[in-house]
Trainee: 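First the structure, then my questions, so here it is.
Naming convention: chains lettered A, B, ... in sequence-line order (proteins, then strands); numbering from 1 in each chain.
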Amino acid sequence: MFQHISDVLSDDFIGKEVALRGWIYRKRRMGKIIFVVLRDSSDIIQCVIEKRKIGNEKFKEVDKIGVESSLELKGVVRKEERAPTGYEVDVNDVNIVGPSYLFPITKDKSDDFLLDNRHLWLRSREMNAILKIRHTVFGAIHEFFRENGYYEVQGPIFVTGAVEGGSTLFEVPYFGKKAYLSQSAQFYLETFIFSLEKVYTIAPSFRAEKSRTRRHLTEYWHAEGEVAWYHNEDMMRDEEELIIHIVQKVLEERERELKFLNRNLEILKNLEKPFIRMKYQELIEFAQNNGIDIEYGDDLGADEETAIMEKFDKPVFVTHYPIEIKPFYHRPDPDNPNTVLCHDLLAPEGYGEIIGGGERIYKLEVLLKRMEEEGLNPEDYYWYVDLRKYGSIPHAGFGLGVDRLVWWLAGLSHIKYAIPYPRTIRRTKP
RNA sequence: GCCGCCGUAGCUUAGUAGGCUGGAGCGGCCGGCUGUUAACCGGCAGGUCGCAGGUUCGAAUCCUGCCGGCGGCGCCA
């Protein structure tokens with residue numbers, strides 16, 4: 001039986017023979033001895049292959065093959081301070097499963113080259129760590145929703161209308177007609193709540209925005225929730241708990257990976273609710289008092305958002321935006337109809353917006369009026385309007401940019417490092 | 001869409017006030033080494049200088065256009 005490397009990196013295995021399989025991570029020959037650093041999904045371990053032990057022929061074969069060749073080997077574990085992970089295997093037998101010559105990724109590599117070779121770069125320890133963190137994040141999201149009474153649902157990806165007013169949709173040919181790729185499941189989630197009350201989905205969203213920033217992808221993973229009877233504050237409370245649950249889970253399961261990525265864990269470890277809540281108005285004043293050039297009615301630009309969020313070490317909910325700068329479906333605040341009952345959640349350390357959400361308009365007349373003001377044709381949204389005709393209820397929802405969350409949690413410099421196959425304005429391969 | 005930058009060997013790059021044969025490291029190939037840490041030592045091979053046109057006695061270097069890419073803004077999760 002083969003074992004994983006992480007399992008045998010332990011004093012319990014000293015002096016015992018183990019069987020390992022994996023890929024050559026590094027290889028160095030010193031005359032009649034070859035050091036192979038073997039890699040599998042779990043970790044790396046240095047293996048020593050001596051000519052006198054495995055014979056001339058085998059030795060020559062191993063000498064010939066390159067980095068990323070796949071191997072099966074048997075050997076005895078020994079504690080060895082000189083080895084990269086503290087233990088070493090004295091190899092008794094080795095079998096080359098699939099040789100690799102001229103692996104394209106070597107010592108010097110540019111960002112662009114690694115993106116072109118992402119299919120191979122996934123094997124790197126960096127990507128291995130990021131992928132494991134992603135795995136934990138996605139799992140934690142499902143866990144949270146399911147433990148809190150949400151049903152998982154699936155909306156369509158081919159759609160005919162926009163959710164976000166200003167956003168650009170990807171148009172695709174559809175049997176002689178036009179369809180678009182979904183940019184949010186929100187409107188569909190709103191239909192599900194009349195059956196299931198609390199629903200969520202994790203799905204890709206597509207935005208044809210020609211954004212060239214460290215926080216934008218054209219295809220990204222969107223975790224969205226929608227809840228019947230919830231008001232803005234109820235929604236924020238769940239989101240707060242969701243984020244804390246994810247952070248806890250990542251700290252529990254992925255501390256090693258975060259450390260490997262040189263993530264400073266203090267902010268994550270100290271994270272607790274409640275998050276900071278600020279009305280848009282207060283945020284503008286706060287920004288102005290901190291020397292940021294912004295006026296009431298301006299949308300928060302990336303510079304402002306970054307400058308503001310560098311001053312906080314926990315996430316901030318920004319609520320009550322002016323009605324003009326938010327999409328039509330947000331419910332106006334009854335106490336101040338010039339603002340809407342919405343919220344954005346900004347991640348600290350300069351990372352910025354990771355969640356957008358709010359309470360939806362549930363009265364038919366209000367919705368029709370808002371659509372008219374925005375120049376939208378209710379017929380295009382007939383099914384969305386219908387929800388306000390047949391037993392409408394207050395409800396709220398939100399969308400979490402999962403890749404953005406991973407980007408922040410892992411402390412990455414660009415969102416393209418947070419997703420295995422980033423799709424940006426200029427990249428659709430590999 | 002706007003602003004800025006880049007394109008030289010498989011990879012990372014030096015070289016651009018125009019001038020001899022475009023240098024190097026890594027990787028590769030050949031050889032050496034029993035404690036290496038993306039080892040080291042000796043040797044060899046490897047270049048349409050993104051593409052097209054122009055200026056010039058002469059262009060990797062200057063000009064024009066195109067192609068590809070990077071960073072940021074706007075927009076958003």
Trainee: Between B:rC26, B:rU34, B:rC70, which one does the side chain of A:K107 approach most closely?
Mentor: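 Taking heavy atoms from C-beta onward, the closest nucleotide is B:rC26.
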Trainee: side-chain contact (heavy atoms from CB on, under 4.5 Å) with A:D111: which residues, sequence neighbours excluded?
Mentor: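 side-chain contact (heavy atoms from CB on, under 4.5 Å) check on A:D111 returns A:L115, A:K416, A:Y417.
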Trainee: Donor-acceptor pair, A:D403 side chain versus A:W221 backbone, under 3.5 Å?
Mentor: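 Checking the backbone N and O of A:W221 against the side chain of A:D403, a donor-acceptor pair under 3.5 Å is found.
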Trainee: Are the ring of A:F35 and the base ring of B:rG35 both nearer than 5.5 Å at their centres and tilted by less than 30°?
Mentor: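 Stacking between A:F35 and B:rG35: absent.
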Trainee: Counting only heavy atoms and a strict 4.0 angstrom limit, can you tell me which residues of residues 406-430 of chain A come near RNA chain B?
Mentor: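 By residue number: A:H414, A:K416, A:R426.
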Trainee: Side chain of A:Q46 only, please: which of B:rG1, B:rG35, B:rC75 is the nearest?
Mentor: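 That would be B:rG35.
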Trainee: So which nucleotide from B:rC75, B:rG74, B:rU36 ends up closest to the side chain of A:R82?
Mentor: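 Between B:rC75, B:rG74, B:rU36, the one nearest the side chain of A:R82 would be B:rU36.
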Trainee: A:L102 has a side chain; which of B:rG32, B:rG28, B:rU36 sits nearest to it?
Mentor: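 Ranking B:rG32, B:rG28, B:rU36 by closest atom to the A:L102 side chain puts B:rG28 first.
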Trainee: I want to confirm an ordering. Mapping A:T213 and A:I355 to their closest nucleotides on RNA chain B, which one lands closer to the 5' end?
Mentor: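 Upstream on the strand: A:T213.
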Trainee: Detail all sub-3.5 Å separations between protein N/O atoms and N/O atoms belonging to nucleotides 4-6 of chain B.
Mentor:
none

Trainee: Please determine, for B:rG42, whether a Watson-Crick or G-U wobble partner exists with both distances under 3.5 Å, and give it or none.
Mentor: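 Across all strands, the one nucleotide that pairs with B:rG42 is B:rC30.
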Trainee: Can you find an N or O donor on one side and an acceptor on the other, under 3.5 Å apart, linking the side chain of A:R29 with the base of B:rC40?
Mentor: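 No pair found.
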Trainee: Roughly how many Å apart are B:rU64 and B:rU21, using the P atom of each and rounding to a whole number?
Mentor: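 Nearest-Å result for B:rU21 against B:rU64 at atom P: 29 Å.
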Trainee: Please determine whether any donor N or O and acceptor N or O are separated by less than 3.5 Å between the side chain of A:E50 and the base of B:rG35.
Mentor: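 Check fails, no donor-acceptor contact within cut-off.
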Trainee: What distance, rounded to whole Å, do you find between the two P atoms, one in B:rC20 and one in B:rA59?
Mentor: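 It comes out at 12 Å once rounded to the nearest Å.
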Trainee: Distance between the C1' atoms of B:rG46 and B:rC11, in whole angstroms?
Mentor: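 Result for the C1' pair: 13 Å, nearest Å.
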Trainee: Please determine whether a side-chain nitrogen or oxygen atom of A:S211 lies at a distance below 4.0 Å from atom OP1 or OP2 of B:rC75.
Mentor: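 False: A:S211 side-chain N/O out of range (4.0 Å or more) of B:rC75 OP1/OP2.
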Trainee: Please give the nucleotide sitting opposite B:rC51 as a Watson-Crick or G-U wobble pair, both distances under 3.5 Å, or none.
Mentor: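 Checking every strand shown, B:rC51 finds its partner in B:rG65, with both distances under 3.5 Å.
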Trainee: Any salt bridge linking A:R427 with A:D112? Criterion: basic side-chain nitrogen under 4.0 Å from a carboxylate oxygen.
Mentor: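 Here A:R427 pairs with A:D112 in a salt bridge, since their nearest N and O are under 4.0 Å apart.
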Trainee: Considering only B:rU34, B:rA38, B:rA77, which nucleotide approaches the side chain of A:R52 most closely?
Mentor: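 That would be B:rU34.
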Trainee: Would you please confirm or rule out a distance under 4.0 Å between OP1 or OP2 of B:rG1 and any side-chain N or O of A:K210?
Mentor: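 For B:rG1, OP1/OP2 do have a side-chain N/O of A:K210 under 4.0 Å.
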Trainee: Heavy-atom nearest nucleotide on RNA chain B for A:K27 versus A:D111: which residue maps closer to 5'?
Mentor: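 So the residue in question is A:K27.
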